[in-house]
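Let me begin by presenting the structure, written as structure tokens, before commenting on it.
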Amino acid sequence: MSGITYVRGDATVPSVKGVKVIAHVCNDLGGWGKGFVLAISRRWPEPEAAYRAWHRDRAVNDFGLGAVQFVQVERYVWVANMVGQRGTGTGSKGVPVRYEAIDTALGALAEKAGELGASVHMPRIGCGLAGGKWSRVEPLVEERLARRGIRVTVYDHGD
């Protein structure tokens, strides 16, 4: 029995009341320009600007695999930029997704969602351009968020 609700729709437009955190996975190269981030950038400029500044100033901050940056974009809406992939392409070391980093980031997300009393909304994180498998990510989301009583909605876009 999963504590995750699955819906078809756009994760950038959660239709629930209360505080919401939209979570997604970013790479560790400072690249923002493909995948779900484009949907975020169409709605709000702040998450991309914050992510790029976070990466640029990484020598003096916590930017790196497993780190999370929370950006408030509306009164009741936050975006969680979670660094969960190494690079952007599939190469000799396999796909870019890093499950351990996603797990760490989800732990930080759970704390923030708890503080805010927020629900969490996301696409199937780490499973698009990062190349991950939802069968590996779903148990992490279940363990870190749903079992702690945080309402999680996963959005499948398109048909």
Side-chain angles (χ1 to χ4, degrees), residues 4 9-14 16 18-91 93-134 136-138 140-141 144-145 150-158:
I4 301 169
D10 182 350
T12 67
V13 192
V16 297
V19 180
K20 299 165 271 297
V21 179
I22 298 167
H24 70 105
V25 167
C26 305
N27 63 66
D28 65 349
L29 295 179
W32 181 291
K34 290 184 176 177
F36 184 70
V37 297
L38 296 178
I40 291 172
S41 290
R42 278 194 290 275
R43 293 199 42 117
W44 310 283
E46 299 91 348
E48 177 180 358
Y51 169 78
R52 290 189 185 279
W54 188 33
H55 177 263
R56 184 181 57 245
D57 300 334
R58 65 192 177 281
V60 293
N61 65 36
D62 67 344
F63 185 92
L65 286 170
V68 187
Q69 178 188 54
F70 296 97
V71 183
Q72 189 167 11
V73 294
E74 293 178 15
R75 184 171 178 191
Y76 298 110
V77 181
W78 295 71
V79 171
N81 293 333
M82 304 189 304
V83 184
Q85 69 181 75
R86 165 82 68 204
T88 57
T90 298
K93 294 193 166 96
V95 294
V97 70
R98 293 295 178 266
Y99 297 109
E100 313 76 33
I102 290 174
D103 189 42
T104 300
L106 288 170
L109 173 59
E111 284 186 34
K112 184 70 168 181
E115 288 170 21
L116 296 170
S119 56
V120 173
H121 305 266
M122 64 179 68
R124 292 185 188 235
I125 57 169
C127 297
L129 296 171
K133 297 193 179 336
W134 187 245
R136 297 266 316 267
V137 177
E138 183 183 42
L140 304 177
V141 173
R144 295 289 185 181
L145 299 168
I150 296 166
R151 289 175 302 145
V152 179
T153 304
V154 172
Y155 296 74
D156 287 315
H157 203 268

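One is the number of the first residue; the rest follow in order along the sequence. Just the heavy atoms: all of them, side chains too, but no hydrogens, waters or symmetry mates, feed the values below.
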Those residues at least two apart in sequence (or on a different chain) that pass ring-ring contact (aromatic ring centres under 6.0 Å, His included) with F70 are none
Residue pairs passing the side-chain hydrogen bond (donor to acceptor under 3.5 Å, both in side chains) test with at least one member in residues 107-128, sequence neighbours excluded, are S119-H121, H121-Y155, R124-D156
In short, H55 meets R58 closest at the heavy-atom pair O-NH1, 2.8 Å
Q) V154 versus W134: any side-chain heavy-atom pair under 4.5 Å? A) yes
Note: A67 and A105 closest approach over all heavy atoms is O-CB, 4.4 Å
- Is there a donor-acceptor pair under 3.5 Å between the side chain of Q85 and the backbone N or O of G87? yes
Taken to the nearest 0.5 Å, the spacing of T104 OG1 from L140 CG works out to 9.5 Å
Can you list the steps and then say if T12 with F36 is a side chain to side chain contact (heavy atoms under 4.5 Å, CB included)?
CA-CA 9 Å; T12 67; F36 184 70; 3.7 Å; yes
Problem - N/O donor-acceptor pair under 3.5 Å between Q69 side chain and Y51 backbone - result: yes
Heavy atoms of V97 and G132 approach each other most closely as CG1-CA, 3.6 Å
R42 meets the side chain to side chain contact (heavy atoms under 4.5 Å, CB included) criterion, sequence neighbours left out, with L38, A39
R43 meets the salt bridge (charged side-chain N to carboxylate O under 4.0 Å, His left out) criterion, sequence neighbours left out, with E74
* Given the rule in the side chain to side chain contact (heavy atoms under 4.5 Å, CB included) test, do T153 and V16 qualify, once you have shown the distances and angles that lead to the verdict? -> CA-CA 10 Å; T153 304; V16 297; 5.5 Å; no
*Flag the pair V141 / V152 as yes when at least one side-chain heavy-atom distance between them is below 4.5 Å, and no otherwise.*
yes
The side chain to side chain donor-acceptor pair (under 3.5 Å) partners of W78 (sequence neighbours excluded) come to none
dist N27:CG -> N81:CG (nearest 0.5 Å) comes out at 10.5 Å
Point to revise | pair C127-V137: side-chain heavy atoms closer than 4.5 Å | key: yes
Contacts of V73 meeting side chain to side chain contact (heavy atoms under 4.5 Å, CB included) (sequence neighbours excluded), chain-then-number -> W44, E46, P47, V71, V77, V79
Smallest heavy-atom separation, A11 atom then P123 atom, equals CB-N, 4.0 Å
Correct closest heavy-atom pair for V120 and A23 would be CG1-CB, 4.2 Å
Residues passing the side chain to side chain donor-acceptor pair (under 3.5 Å) test with S41, sequence neighbours excluded, are W32, E48
The salt bridge (charged side-chain N to carboxylate O under 4.0 Å, His left out) partners of R86 (sequence neighbours excluded) come to D28
Taken in chain and number order and not counting sequence neighbours, the residues that satisfy side chain to side chain donor-acceptor pair (under 3.5 Å) with R144 are D103
Next on the checklist: Just checking R52: does its CZ atom have more than 12 heavy atoms from other residues, nucleotides or ligands closer to it than 6.0 angstrom?
Outcome noted: yes
Quick check: do M122 and V25 have side-chain heavy atoms less than 4.5 Å from each other? no
Rounding to 0.5 Å, atoms CG (L109) and CE (M82) come to a distance of 6.0 Å
Residue set satisfying side chain to side chain contact (heavy atoms under 4.5 Å, CB included) with K34, at least two apart, ordered chain then number -> L129
The side chain to side chain donor-acceptor pair (under 3.5 Å) partners of D62 (sequence neighbours excluded) come to W54
For G84 and A101, the nearest pair of non-hydrogen atoms, with its separation, is CA-CB, 4.0 Å
